[in-house]
Amino acid sequence: MDFDSTLKNIFVHENEIPDEFRLPALIHQREYLSNGEMKTWTGPVHEVFSPVCVQTDDGPQRLLIGSYPVCTAAEAGESLDAAVAAYDNGRGEWPTMSVAERIQCVEKFTGKMIEQKDIIVKLIMWEIGKSIADSAKEFDRTVEYIYATIDSLKNLDRDSSRFEIVDGIAAQVRRSPLGVVLCMGPFNYPLNETFTTLIPALIMGNTILFKPPKFGTLLHYPLQEAFRDSFPKGVVNVIYGRGNAIVPGLMQSGKINVLTLIGSSKVANELKKSHPKVNRLRAVLGLDAKNAAIVTPNADISLAVKEIITGSLSFNGQRCTALKIVLVHRSIADKLLAQLSAGIAELKFGMPWEKGVALTPLPETNKIDYLNECISDALANGAEVVNENGGKSEGSFFYPAVVYPVNDKMKLYYEEQFGPIVPVVPFDDLEETIEYLIESTHGQQVSIFSNNADEVASLIDPLVNQVSRVNINSQCQRGPDVFPFTGRKDSAEGTLSVPDAIRAFSIRSLVAFKMNDANKQLINEIVHEDSSNFLSTKFIF
Ligand SMILES: O=C[C@H](O)COP(=O)(O)O
């Protein structure tokens, strides 16, 4: 069968979906968690269609998998008030609870979450088209992240809760919560990236208003009861609806203390500006990125190609850490392009439940139009699609395109395509690559491919001052999750990683006793005899 007919037949008929990967039923979700109660929604709903299309007489059609409430600003406001009341200006049960007790609640929640693994993994696959293997990995990584956060907090707290006497002051450093956190994750890691902010925010004693992403919403439904049953009333509230209809009002209320969003810098800036006391708002943001691969003549080209293919096309390029542009020395461009094209031709494409599948359908309904627009713009400015079949599409599926030579007149030079296009730019002098990074509005990561130590060394220092991670002879990536994950310029605000997220959602505050006679007596009563710790305080394990 030729490629075009393979592409035409990429989608299956509904009765051909293997039973083990089907959802048990359509997920018509009507409840949202607010103030410790599951409230039933009777208003309008949003129908959720999978990026997986099924063959019909009218061609491939996205499969309906469920629906969720389109709550309004009123319900969102009530849920926000529940989070505000649960925080109670820092006097609430949750923000004053000991860290050890909070950890127990999070462990209880995680146990309940693990019981729901099967349905959550399937929903990740059906809602965003991520392969079943990667959906399971996302789930497992999230659970590991939660346990790593707990461990990290125990260590951090043991250190920071020590009772120290300096210059006649006996002091204990605490990590105190910040207030109400509005938490919004992205569609590409709807579980993992949401929880890498929500869990640290929660465990540090903040209260949460959580709005799931536009795609990857239903998978949070099975977790609502776990939230309700694991945390005091109002500590976690989950609201569903259209972000642009409900979120601006939440920000304008001035009741949000921390905005955490993994998404676009445009949306983040607008939301921040709409907060009446923006100087009091903390923002923890993971935003746009345009990570570049720099391939020099001293690179191992086969290794570079392998890394560039997974780096730019894993989950169809829909990762904030994806390589989104390749800068290659002109002398090796042809070789790189040939190997890239050959490597892409080896990638298996198909349905997300298929074993070994690398390329799957795209969830965003307007994405293929945008990708085509990027390609047309590049062609109009003198580039070509150099790989066979690059840019062909069917229904919600888009076959990766390698575009060359890309230049600064093209969208693909600047814009984060967030999809399966690999723009390749030739350069003559390494200095041009540094210039690219300096001029970019993005500053997340870069990958250098070279085996020449002097060359690599000469790039590291200027580049690490432009981006927040320089990868040598490997693709860009977030993990391991203990490493700091952030970005410069428009790419991020605040740092996420297991230990950094704990810091991001708390403030270091001090309890200080001047060592006068009155306090010496007081301290004797507070401090445990056989320890240097304030055992009577709630921060001790
Ligand atoms: O989309 C951004 C993710 O945090 C990327 O994580 P990853 O590099 O592990 O795929």
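Atoms within each ligand, like the ligands themselves, are counted from 1 in listed order. Bear in mind that the values here come from a model prediction, so they are computed numbers and not experimental data.
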Legend entry - Lys290 charged N/C atom sitting above Tyr413 aromatic ring, 6.0 Å / 45°: no
Legend entry - Lys117 side chain near Asp140 side chain, heavy-atom distance below 4.5 Å: yes
Every pair of nitrogen or oxygen atoms between ligand 1 and the protein that is under 3.5 angstrom apart - can you list them with their distances to 0.1 Å?
| unit_1 | atom_1 | unit_2 | atom_2 | d |
| --- | --- | --- | --- | --- |
| ligand 1 | 1 (O) | Asn188 | ND2 | 2.9 |
| ligand 1 | 1 (O) | Glu193 | OE2 | 3.0 |
| ligand 1 | 1 (O) | Cys320 | N | 2.7 |
| ligand 1 | 4 (O) | Glu193 | OE2 | 3.1 |
| ligand 1 | 8 (O) | Arg319 | NH2 | 3.0 |
| ligand 1 | 8 (O) | Thr321 | OG1 | 2.7 |
| ligand 1 | 8 (O) | Arg478 | N | 2.8 |
| ligand 1 | 9 (O) | Arg141 | NH1 | 2.7 |
| ligand 1 | 9 (O) | Arg141 | NH2 | 3.1 |
| ligand 1 | 10 (O) | Tyr189 | OH | 2.4 |
| ligand 1 | 10 (O) | Arg319 | NE | 2.7 |
| ligand 1 | 10 (O) | Arg319 | NH2 | 3.3 |

Legend entry - Any donor-acceptor N or O pair under 3.5 Å, side chains Thr360, Asn316: yes
Inset, instruction - Please check if the side chain of Arg319 supplies one atom and the backbone of Gln477 the other of a donor-acceptor pair under 3.5 Å. - result: no
Inset, instruction - Look up atom OG1 in Thr260 and atom CG in Leu285, then write down how far apart they are to the nearest 0.5 Å. - result: 6.5 Å
Expected list for residues 200-209: side-chain donor-acceptor pairs under 3.5 angstrom, two or more places apart:
| unit_1 | atom_1 | unit_2 | atom_2 | d |
| --- | --- | --- | --- | --- |
| Asn206 | OD1 | Leu178 | N | 2.6 |
| Asn206 | OD1 | Gly179 | N | 3.0 |
| Asn206 | ND2 | Ala201 | O | 2.8 |
| Asn206 | ND2 | Phe505 | O | 2.9 |
| Thr207 | OG1 | Ala83 | O | 2.8 |

